[in-house]
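From a predicted model like this one, the values you see are computed outputs, not experimental measurements.
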Amino acid sequence: MTGPNGDIVRLDAARKIYRMGNQQVNALDGVTVAFTRGSFWAIMGASGSGKSTMMNIIGCLDRLSDGHYRLEGQDVGTLDDDQLSERRLRHIGFIFQSFNLIPQLTVQRNIELPLYYLGWQPEPSAARATELARRVGLEDRLHHRPTELSGGQMQRVAIARALANDPHLLLADEPTGNLDSATGEQIMKLLDALHREGKTIIMVTHEPHIAVHARSRLYMKDGRIDRIDES
């Protein structure tokens, strides 16, 4: 279910305040913005602009100090911690700059991890992991561990894991930040394909040549939206 006008994510007068000693930092300062289902966004801005805070709020990893965040029409502020975790597990897939794979687990087990927490049985879970490994071109690496993979391969595993629960929303935090430019472009082609298939993608990046893959670019400055470019 989406919110009004097909919004999958909507922030209204969103504020996030951090206390640092006697100082108050407005990491998000009254942000209002909507992201429609099936859109592809890049969030950009200098360090300290608020882009990572916005991503943490959208990903249900942190809570607003004031204002409202609605995910598929649900006011996230009304959820308790267990409900928030459940929402995150079932509806959001995360792709991180540092991959965040578990080194002791094989590629298959890393991909299966969200399904384990969802209570899937071993056989369908393994079948889903195999399907996704094939989707990202790693079906011959299922029994390898992350230390046996290149950076690009590790990011492909991370993307497969993010897709395991068939999320409505993919959040990518600097997905090419630890990759060389050629490998980064390969990862972006994969994200482009997922967007064409209907996935909603919100990506944080500081690289303009990566941001051009997104159809909409939101620039943050001092906790506020500086401008939005559409293509």
Side-chain angles (χ1 to χ4, degrees), residues 6-11 14 16 18 25-59 61-62 69 92-101 135-137 149-163 167-231:
D7 298 339
I8 190 170
V9 164
R10 183 173 183 87
L11 297 170
K16 182 62 183 179
Y18 294 105
V25 177
N26 295 312
L28 284 184
D29 193 7
V31 170
T32 295
V33 66
F35 303 85
T36 58
R37 180 181 290 275
S39 57
F40 189 169
W41 285 77
I43 301 176
M44 305 186 73
S47 178
S49 63
K51 61 185 188 296
S52 295
T53 300
M54 182 185 286
M55 186 69 94
N56 287 340
I57 294 295
I58 292 172
L61 297 170
D62 205 352
Y69 166 34
I92 303 173
F94 294 90
I95 304 165
F96 301 97
Q97 177 178 349
S98 55
F99 319 132
N100 285 13
L101 302 178
R135 174 70 180 81
V136 299
L149 305 176
S150 68
Q153 289 171 331
M154 285 193 283
Q155 192 60 293
R156 287 175 180 271
V157 175
I159 291 172
R161 179 186 59 192
L163 294 171
H168 301 172
L169 175 64
L170 278 177
L171 299 182
D173 190 359
E174 299 281 5
T176 64
N178 282 343
L179 305 175
D180 62 73
S181 57
T183 305
E185 282 300 319
Q186 292 172 3
I187 293 300
M188 292 311 303
K189 286 181 181 178
L190 181 52
L191 292 181
D192 286 340
L194 291 169
H195 174 243
R196 287 195 298 271
E197 292 168 11
K199 290 295 183 189
T200 307
I201 302 174
I202 302 176
M203 170 180 67
V204 164
T205 184
H206 67 277
E207 300 174 286
H209 70 283
I210 296 298
V212 297
H213 287 264
R215 307 304 182 264
S216 305
R217 289 165 294 283
L218 184 155
Y219 295 83
M220 297 290 295
K221 183 177 181 181
D222 298 329
R224 300 177 181 178
I225 296 174
D226 188 39
R227 72 180 194 276
I228 293 175
D229 293 341
E230 308 270 358
S231 61

Contact summary for Lys51 and Ala46, nearest pair of heavy atoms: NZ-O, 3.4 Å
Gap separating the CH2 atom of Trp41 from the CG atom of Leu171, nearest 0.5 angstrom: 14.0 Å
Under 3.5 Å: donor-acceptor pair, side chain of Ser150, backbone of Gln153: yes
Shortest non-hydrogen separation from Ile8 to His168 and the atoms involved: CD1-O, 3.4 Å
His195 and Phe40 aromatic ring geometry - parallel, tilted or perpendicular at 30°/60° bounds: tilted
Heavy-atom pair of closest approach, residues Ser98 and Asn178: CA-ND2, 3.7 Å
Side-chain heavy-atom pair Leu218, Ile225 within 4.5 angstrom cut-off: yes
Heavy-atom pair with the smallest gap, counting every atom of Ile95 and Pro175: CG2-CB, 4.2 Å
Distance in Å, Ile228 CD1 paired with Met220 CE, rounded so as to fall on 0.5 Å steps: 10.0 Å
Partner residues of Asp229 under the side-chain contact (heavy atoms from CB on, under 4.5 Å) criterion, sequence neighbours left out: Arg217, Tyr219, Arg227
Under 3.5 Å: donor-acceptor pair, side chain of Arg215, backbone of His213: yes
CA sep, side-chain torsions, deciding dist, call: Asn100, Arg161, side chain to side chain contact (heavy atoms under 4.5 Å, CB included): CA-CA 10 Å; Asn100 285 13; Arg161 179 186 59 192; 4.1 Å; yes
Nearest-0.5 Å distance that lies between atom CE in Met54 and atom CG in Leu11: 6.0 Å
Gap separating the OH atom of Tyr69 from the CZ atom of Arg10, nearest 0.5 angstrom: 13.0 Å
Nearest atoms (heavy-atom pairs only) where Met154 meets Phe99: CE-CE1, 3.6 Å
Show which side-chain atoms of residues 197-207 pair as donor or acceptor with protein atoms under 3.5 Å away, not counting sequence neighbours.
| unit_1 | atom_1 | unit_2 | atom_2 | d |
| --- | --- | --- | --- | --- |
| Glu197 | OE2 | Arg135 | NH2 | 2.7 |
| Lys199 | NZ | Asp166 | OD1 | 2.8 |
| Lys199 | NZ | Pro167 | O | 2.7 |
| Thr200 | OG1 | Gly38 | N | 2.7 |
| Thr205 | OG1 | Glu207 | N | 3.1 |
| His206 | ND1 | Glu174 | OE1 | 3.1 |
| His206 | ND1 | Glu174 | OE2 | 3.1 |
| Glu207 | OE1 | Thr176 | OG1 | 2.9 |

CZ on Phe94 to CG on Leu169, rounded to 0.5 Å: 8.0 Å
Rounded distance (nearest 0.5 Å) linking atom CD1 of Ile57 with atom CG of Leu28: 6.5 Å
Shortest non-hydrogen separation from Ile58 to Ile92 and the atoms involved: O-CD1, 3.7 Å
Residue pair Asp29, Lys16: steps toward the side chain to side chain contact (heavy atoms under 4.5 Å, CB included) verdict: CA-CA 7 Å; Asp29 193 7; Lys16 182 62 183 179; over 6 Å; no
Step-by-step side chain to side chain contact (heavy atoms under 4.5 Å, CB included) determination, Asp222 to Asn26: CA-CA 8 Å; Asp222 298 329; Asn26 295 312; over 6 Å; no
